[in-house]
Amino acid sequence: MFRVLKQEGRAKRGEFRTVHGVIQTPVFMNVGTVAAIKGAVSTEDLERIHTQVELSNTYHLHVRPGDKIIKQLGGLHKFMSWDRPILTDSGGFQVFSLAGLRKIKEEGVYFHSHIDGRKIFMGPEESMQIQSNLASTIAMAFDECAPSLADRSYVQASVERTSRWLERCKAEMDRLNVREDTINKNQLLFGINQGAIYADIRTAHAKQIARLGLDGYAIGGLAVGESHEEMYYIIEETVPFLPEDKPVYLMGVGTPANILEGVERGIDFFDCVYPSRNGRHGHLYTNHGKINLFNAKYELDDRPIEEGCGCPACRRYSRAYIRHLLKAKEMLGMRLCVLHNLYFYNTMMEEIRDALDAGEFAAYKKRKLAGFAGIQQ
RNA sequence: GGAUGGGUAUGCCCAGCGGCGAGGGCAGCGGACUGUAAAUCCGUUACAAAGAAACACCGCAGGUUCGAGUCCUGCCCCAUCCA
């Protein structure tokens with residue numbers, strides 16, 4: 001399923017075969033939590049901006065519209081009209097982000113819906129069942145994303161529970177994949193490594209889950225409060241203990257620089273809300289750093305967001321016009337910004353793959369980072 | 001000429017109806033955001049700076065009161081209506 005085509009240090013150029021098509025790695029997955037990229041981006045748009053994998057969320061789709069409804073409608077691919085790979089996050093991140101609305105127990109997590117307050121129980125089995133109903137390409141194991149500032153004893157206990165949950169996820173997924181009425185009987189399962197910023201907990205956990213023969217392995221619980229240096233250190237320490245023949249997914253990360261550093265340290269999959277959320281907020285990624293289109297200095301700027309960019313925004317519209325749309329709260333402004341940012345990320349991943357193919361990743365990374373650090377336009 | 005309603009810090013809109021060193025919204029400007037409770041959130045524009053010391057202020061000027069943005073009188077301006 002996962003084939004490493006080329007390697008440069010720990011950086012890998014690979015191919016991941018799925019029933020919904022081949023994923024060229026390293027890849028950045030475009031986040032559409034509720035089966036929609038926020039900012040009025042359609043799946044047709046995703047094709048235009050070279051998206052390989054769309055990412056949606058188990059908890060959010062369970063709450064609304066309901067995974068059973070999506071199953072009745074033929075699964076998530078048919079529902080949102082997207083026939084390429086989809087990865088569904090398990091709800092584990094909501095254990096972190098909705099911390100005020102949930103209680104963790106051995107059996108699973110009791111949430112109060114952020115929509116209407118109703119009680120929702122989600123354990124490993126429930127998360128797998130929901131993801132099976134959604135019929136995503138890749139399901140994520142149900143974990144606890146613990147805060148990186150959590151103390152050692154908490155993290156130790158949390159990781160042990162996440163391990164027990166992982167075995168339950170695996171057993172449940174194996175059961176669901178042979179059921180008659182399962183839409184995607186080839187649904188893949190990725191396990192998630194945790195351990196906050198404690199390298200020894202991370203590596204012990206990595207060794208333990210590596211034995212389970214999962215389809216891929218994720219590093220979770222990073223970029224949740226620790227420094228970049230701590231994050232990079234944890235990645236360096238952890239990756240060597242994950243199976244070499246399986247893709248490694250760094251969850252929720254990150255900035256373009258984070259991605260370059262991640263690739264160098266052996267990461268194959270990334271995802272982050274940054275390009276879409278920052279796009280909606282008027283922050284645009286360019287090869288010369290990030291710009292905030294809300295700033296008054298762009299009022300009369302008739303250049304595109306980035307000269308030479310092939311995205312739907314840059315091909316046709318000026319900074320001044322898009323700034324006007326944003327300030328006027330016209331949806332088109334956000335949409336164009338999100339399209340630009342996702343295109344920027346997807347294009348950067350293409351460049352990374354090309355560089356790896358050519359054996360020039362190190363030089364590419366250096367050049368790219370120097371550009372980001374340059375003077376903002 | 002008359003009637004009624006208004007003029008509140010910095011551009012606009014407004015709250016306050018005797019204890020006010022006057023509150024909010026919008027706009028403007030800036031910032032934050034990492035497996036999305038986020039088209040969100042935060043900051044922001046007299047002076048001073050924790051000192052019973054100093055003192056800008058509610059269209060303007062007086063007055064009543066221990067105390068006035070608030071009550072009274074006059075004036076100015078705006079809106080609507082009537083002549």
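Naming: A, B, ... by sequence-line order, numbering from 1 per chain. Just so we're clear, the structure is a prediction, and the values are computed from it rather than from any experiment.
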Rounded to whole angstrom units, what separation is found between the [atom1] atom of [X] and the [atom2] atom of [N]?
X: A:L98; N: B:rU36; atom1: CG; atom2: P; answer: 10 Å
X: A:D89; N: B:rG35; atom1: CG; atom2: P; answer: 10 Å
X: A:N292; N: B:rG43; atom1: CG; atom2: C1'; answer: 14 Å
X: A:L61; N: B:rU36; atom1: CG; atom2: P; answer: 11 Å
X: A:K38; N: B:rC41; atom1: NZ; atom2: P; answer: 14 Å
X: A:N278; N: B:rA38; atom1: CG; atom2: C1'; answer: 11 Å
X: A:R277; N: B:rC33; atom1: CZ; atom2: C1'; answer: 6 Å
X: A:K297; N: B:rG31; atom1: NZ; atom2: P; answer: 8 Å

Across the strands shown, which category fits [X] at heavy-atom distances under 4.0 angstrom: base, sugar-phosphate, nothing?
X: A:H228; result: base
X: A:L101; result: base
X: A:H60; result: sugar-phosphate
X: A:N295; result: sugar-phosphate
X: A:G221; result: base
X: A:S113; result: nothing
X: A:E330; result: nothing
X: A:I192; result: base
X: A:F294; result: sugar-phosphate

State yes or no: are the ring centers of A:H50 and A:Y343 separated by less than 6.0 Å?
-> yes

Please confirm whether A:F93 and A:Y59 have ring centers closer than 6.0 angstrom.
-> no

Rounded distance in Å between the [atom1] positions of [N] and [M]:
N: B:rG25; M: B:rC78; atom1: C1'; answer: 23 Å
N: B:rA39; M: B:rC72; atom1: P; answer: 50 Å
N: B:rA56; M: B:rC42; atom1: P; answer: 34 Å
N: B:rG21; M: B:rA49; atom1: C1'; answer: 13 Å
N: B:rG69; M: B:rA22; atom1: C1'; answer: 7 Å
N: B:rU73; M: B:rU4; atom1: P; answer: 12 Å

When both hydrogen-bonding distances must be under 3.5 Å and the geometry is Watson-Crick or G-U wobble, what is [N] paired with, if anything?
N: B:rG11; result: B:rC26
N: B:rG21; result: none
N: B:rG67; result: none
N: B:rU80; result: B:rA3
N: B:rC60; result: B:rG74

Between A:Q194 and A:M331, name the one whose nearest nucleotide on RNA chain B is closer to the 5' end.
-> A:Q194

Taking the side chain as every heavy atom from C-beta outward, state whether A:K119 and A:F111 have any pair of such atoms under 4.5 Å apart.
-> no

Under 4.5 Å between any side-chain heavy atoms of A:Q194 and A:S158, yes or no?
-> no

Under 3.5 Å side-chain donor-acceptor pair for A:Y249 and A:D271 = yes

A:H283 stacking on B:rC33: centroids under 5.5 Å, ring planes under 30°?
-> no

So is A:R265 actually on top of A:Y232's ring, under 6.0 Å and inside 45° of the axis?
-> yes

State whether [X] places a side-chain N or O below 4.0 Å from either non-bridging phosphate oxygen (OP1 or OP2) of [N].
X: A:N57; N: B:rG35; result: no
X: A:S97; N: B:rA37; result: yes
X: A:Q94; N: B:rG35; result: no

Calculate, to the nearest 0.5 Å, the distance between atoms CG and CG belonging to A:N346 and A:L342 respectively.
-> 6.0 Å

Review item, nucleotides 25-28 of chain B N/O atoms under 3.5 Å of protein N/O:
residue : atom : partner : partner atom : Å
B:rA27  : OP1  : A:K329  : NZ           : 3.2

Criterion side chain to side chain donor-acceptor pair (under 3.5 Å) against A:T137, the qualifying member of A:Q187, A:H20, A:E54 | A:H20

Under 6.0 Å from the OH atom of A:Y233, do we count more than 12 heavy atoms belonging to anything else shown?
-> no

Full working for side-chain hydrogen bond (donor to acceptor under 3.5 Å, both in side chains) between A:E351 and A:T347 | CA-CA 6 Å; A:E351 291 169 1; A:T347 302; over 6 Å; no

